[in-house]
Number of protein chains: 2
Amino acid sequence: MPDADFNLSEFLPYLLNQAADRQSMAFSPAYRARYGMLRTEWRVLFHLGQYGEMTAKRICEMAQLHKTKASRAVAALEAKRFLRRREVAEDRRHALLRLTPAGRAAYAHLYDAARAFDMEVQTRLTVEDARVLKRCLIKLAASEDAGGP
Amino acid sequence: MPDADFNLSEFLPYLLNQAADRQSMAFSPAYRARYGMLRTEWRVLFHLGQYGEMTAKRICEMAQLHKTKASRAVAALEAKRFLRRREVAEDRRHALLRLTPAGRAAYAHLYDAARAFDMEVQTRLTVEDARVLKRCLIKLAASEDAGGP
DNA sequence: ACTTGTTAGTTACATTTTCAACTAATATGC
DNA sequence: GCATATTAGTTGAAAATGTAACTAACAAGT
């Protein structure tokens, strides 16, 4: 019989997934219906829009994305003419990615949608709770992959 | 240029996914390595372990799971001899699912693993923050599918 | 009884993700 | 300079997921 102090319905990985799925599903029409983007594509777009030109590798690190996922998202965004690759002369293995004007326009539009969405969500939480929530999520998203000695 | 008060790296769906992925990846070896279970299978197992015999439909509602996902998870758990179906005489469309002794053993083991994991995670948050976090996640997981009139 | 509708669950097919192997460019040890 | 290792990124096959159409059992109206 389960302890009074630990109920699986409050198990953090479970709750996190429930909440993440729910919120992602609620937001996905913004990039999906209008631009035919996948979630990974939207993430790549938003990293480039937010932080400017960078390599796929860097995006993978920042977004905790596997390189094959990133590679395919970049290819898809390139096919949609939302970004271009610029080869770097010194090291031709990696390419710098940057948004095209169309990509920046989509980014600007999605940025507004995201802000509106975020504000809407926060009306359902108190200001203080929202602050705590974000702080916790940042901590949990970053935690322990430090690895070896 | 982005507002000072809204940075996409704090966009809730994004943060939730990052945190959920991270925590799920950290816990998944518990059911994956030892029992070859998928996340959905673990969820179904845990609902049956926690709440006892119920139909697939009920699990879908509780876990916010799509019926095809549940159907496949049930089939997989049945193949692993972790659960059995019991047809209901009055309405033979639905079957009650219940864990076998092997299923209950796996559940007991994973329950302990989950509790240990949860406690470990919570050492990284204050008691009060953990409480707020769970409250917010429950709210965000439940929100708005009420739909039409 | 008998068409029509609904519900629980399955199956088939397309899309997406993951895993592992691969290419190409650069760096390192000798 | 040449073998070896590492790094950035791509590709193909296998696994998993989502979508839609399907079956089987029941319900309801006529």
Side-chain angles (χ1 to χ4, degrees), chain A residues 17-18 20-22 24-26 28-29 31-33 35-44 47-48 53-80 83-98 147-148, chain B residues 17-18 20-22 24-25 28-29 31-33 35-44 47-48 53-80 83-98 145:
Chain A
N17 272 304
Q18 296 269 93
D21 281 3
R22 193 53 89 110
S24 290
M25 296 259 283
S28 66
Y31 50 80
R32 193 155 195 140
Y35 301 104
M37 281 186 211
L38 257 29
R39 199 158 45 119
T40 311
E41 293 169 47
W42 149 237
R43 281 210 199 170
V44 168
H47 274 85
L48 291 172
E53 194 175 61
M54 61 173 97
T55 66
K57 181 78 197 307
R58 188 95 187 80
I59 296 176
C60 289
E61 288 160 4
M62 292 184 75
Q64 295 179 193
L65 221 53
H66 193 246
K67 61 183 180 173
T68 64
K69 247 173 137 179
S71 172
R72 284 170 168 135
V74 166
L77 288 171
E78 196 179 22
K80 293 186 181 86
L83 68 76
R84 262 182 324 198
R85 301 163 200 250
R86 193 162 65 76
E87 302 251 316
V88 180
E90 307 103 60
D91 188 341
R92 287 185 310 157
R93 279 173 305 185
H94 55 234
L96 286 169
L97 306 172
R98 69 153 72 204
Chain B
N17 273 303
Q18 297 269 91
D21 282 1
R22 192 52 88 114
S24 289
M25 296 258 285
S28 67
Y31 51 80
R32 193 156 193 137
Y35 300 104
M37 282 187 210
L38 257 28
R39 206 166 46 153
T40 312
E41 293 168 47
W42 149 237
R43 281 208 199 173
V44 168
H47 275 84
L48 292 172
E53 194 176 61
M54 62 173 97
T55 67
K57 181 79 198 304
R58 187 93 187 82
I59 296 176
C60 290
E61 288 161 4
M62 293 185 74
Q64 293 180 193
L65 220 53
H66 193 238
K67 61 184 179 172
T68 65
K69 247 174 137 178
S71 171
R72 294 199 256 243
V74 167
L77 287 171
E78 196 179 22
K80 294 187 180 84
L83 67 76
R84 262 182 323 197
R85 301 163 200 252
R86 193 162 65 76
E87 302 251 315
V88 180
E90 306 103 61
D91 187 341
R92 287 185 311 155
R93 279 173 305 184
H94 55 234
L96 286 170
L97 306 172
R98 69 152 73 204
D145 54 347

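Hydrogens, waters and symmetry mates are skipped; everything else that's a heavy atom, side chains included, is used. So that the names make sense, note that chain A is the first sequence line, chain B the second, and so on, each numbered from 1.
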Under 4.5 Å between any side-chain heavy atoms of [X] and [Y], yes or no?
| X | Y | result |
| --- | --- | --- |
| Q64(A) | Q18(B) | yes |
| L48(A) | R98(A) | no |
| V74(B) | E41(B) | no |
| R32(B) | M37(B) | no |
| E61(B) | R58(B) | yes |

Indicate yes or no for a side-chain donor-acceptor contact from S24(A) to the backbone of D21(A) under 3.5 Å, with no hydrogens or angles considered.
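Checking the backbone N and O of D21(A) against the side chain of S24(A), no donor-acceptor pair under 3.5 Å is found.
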Do any side-chain nitrogens or oxygens of S71(B) fall under 4.0 Å of OP1 or OP2 in dG9(C)?
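So the side-chain polar atoms of S71(B) never come under 4.0 Å of the phosphate oxygens OP1 or OP2 of dG9(C).
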How close or far is atom [atom2] of [N] from atom [atom1] of [X], stated in whole angstroms?
| X | N | atom1 | atom2 | result |
| --- | --- | --- | --- | --- |
| R58(A) | dG9(D) | CZ | P | 12 Å |
| E61(A) | dG9(D) | CD | C1' | 14 Å |
| L83(A) | dG9(D) | CG | P | 12 Å |
| E41(A) | dT17(C) | CD | P | 9 Å |

Sorted by number, the residues of residues 86-97 of chain A with heavy-atom contact under 4.0 Å to DNA chain D:
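Correct list: R93(A), H94(A), A95(A).
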Under the side chain to side chain contact (heavy atoms under 4.5 Å, CB included) rule, what do Y31(A) and R39(A) come out as? Steps first, then yes or no, please.
CA-CA 8 Å; Y31(A) 50 80; R39(A) 199 158 45 119; 3.3 Å; yes
Under the criterion side-chain contact (heavy atoms from CB on, under 4.5 Å), which of R85(B), H47(B), E53(B), R86(B) is the partner of L97(B)?
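That would be R85(B).
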Letter by letter from the 5' end, nucleotides 13-20 of chain D scores (B base, S sugar-phosphate only, - none; protein heavy atoms under 4.0 Å) B--SBBBB
From dT10(C), dT10(D), dG9(D), pick the nucleotide closest to the side chain of R85(B)?
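Closest nucleotide among those given: dT10(C).
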